[in-house]
Amino acid sequence: MSDPYESRDEAGIDTLERLERLLPTEAHLEVVLAHYGETHRRYHTLGHVDAVLRAIDRWYPDAGDAIRLAGVYHDVIYIPGADDNERRSAELAVDALVGYLPAADVALVHHAIAATAHHDLRRVMARAVPLVVADLIGMDCPVEEYRETTARIRAEYARFDDAQWAQGRRAFVERLLARRLLPEEPRFDGPEARIRANWADELARLPRVGP
């Protein structure tokens, strides 16, 4: 993965400059950098934040800075195997942003981040959809790149043996494949199909665990 500090979006703004613009203070930036710089992270790094922000720009350019801030904070707490990462990330974001954003925007940030725990568009308010989409749509990529992505995610789960990883990963992927992933709009039909193809490839390569 390229260094996110060196990545540049179409406007020529690198990741760090964008975070400096979005976040209220230098202290907010330092907290975000510290979390995403944790040594156990291989995929859920600033590079992922950068990709999410770019996806929001591409698919929902009018989403607004509250959703982009939700994108910045959505994985700020990330402990592989924990079931409360999104909740804790949402709470940290609220604590950080209350007093800096209108109350309605703070509530939106919380809701959007919490929604990335299930990625179920049926349970997401319309204004939060851009973050849920942006968090998933990076899986729309060539299969070789997708395999590299899953290898990085697997590295984050290094403390789990292969059987534990396969069991948990299979359950996660099958749960998402049981419903529509992206909005039912023609522009998302191609990405939807390619994500499903990548996940089918992954499931075919995961070992079966148990009877």
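When reading the values below, keep in mind they use all heavy atoms of this one structure, side chains included, and skip hydrogens, waters and symmetry mates. Keep in mind it's a predicted model, so treat the numbers as computed, not measured.
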Who are the side-chain contact (heavy atoms from CB on, under 4.5 Å) partners of Glu144, not counting sequence neighbours?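 Glu144 satisfies side-chain contact (heavy atoms from CB on, under 4.5 Å) with Pro142 only.
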For salt bridge (charged side-chain N to carboxylate O under 4.0 Å, His left out), just list the numbers for Asp120 and Arg175, CA-CA rounded to whole Å, side-chain angles, deciding distance to a tenth of an Å, and then say yes or no. CA-CA 10 Å; Asp120 187 345; Arg175 173 171 58 83; over 6 Å; no
For the pair Phe160 and Tyr157, name the ring-plane relationship: parallel under 30°, tilted 30 to 60°, perpendicular over 60°.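 Ring orientation, 0 to 90° scale: tilted.
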When you check the side-chain N and O atoms of [X] and [Y], is any donor under 3.5 Å from an acceptor?
X: Thr116; Y: Asp135; answer: no
X: Thr45; Y: His48; answer: no
X: Tyr43; Y: Glu156; answer: no

Hey, does the Lys NZ or Arg CZ of Arg41 hover above the aromatic six-ring of Tyr36, less than 6.0 Å from the centre and inside 45° of the axis?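 Relative to the ring axis of Tyr36, which defines the angle, Arg41 lies inside both limits.
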Taking the cut-offs as 6.0 angstrom to the six-membered ring centre and 45 degrees off its axis, would you call Arg187 and Tyr60 a cation-pi pair?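 Geometry flag: set, cation within 6.0 Å and 45°.
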Using modelled atom types only, decide if a donor and an acceptor are shared between the side chain of [X] and the backbone of [Y] within a distance under 3.5 Å.
X: Gln167; Y: Gln164; answer: no
X: Asp140; Y: Ile195; answer: no
X: Arg87; Y: Ala90; answer: no
X: Asp14; Y: Glu17; answer: yes
X: Arg159; Y: Pro80; answer: yes
X: His35; Y: Val32; answer: no
X: Arg42; Y: Thr39; answer: yes

Salt bridge (charged side-chain N to carboxylate O under 4.0 Å, His left out), that's the test. Do Glu192 and Arg196 meet it? Break it down for me. CA-CA 6 Å; Glu192 174 93 12; Arg196 288 182 173 276; 2.9 Å; yes
Evaluation steps, salt bridge (charged side-chain N to carboxylate O under 4.0 Å, His left out), between Asp50 and Arg18: CA-CA 9 Å; Asp50 180 68; Arg18 166 169 270 196; over 6 Å; no
Taking all non-hydrogen atoms of both residues into account, name the closest pair between Arg170 and Leu206 and its distance.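 In this case the closest contact between Arg170 and Leu206 is NH2-O, 2.9 Å.
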Minimal non-hydrogen separation, His40 against Tyr78, with atom names: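 Nearest pair, atom of His40 first, then Tyr78: NE2-O, 2.7 Å.
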Taking it one step at a time, do Asp57 and Arg54 satisfy salt bridge (charged side-chain N to carboxylate O under 4.0 Å, His left out)? CA-CA 5 Å; Asp57 290 345; Arg54 290 170 184 261; over 6 Å; no
If you look only at distance, which donor and acceptor atoms sit under 3.5 Å apart when one is on a side chain in residues 93-115 and the other is two or more places apart or in another chain?
unit_1	atom_1	unit_2	atom_2	d
Asp105	OD1	Arg127	NH2	3.3
His111	NE2	Met125	N	3.0

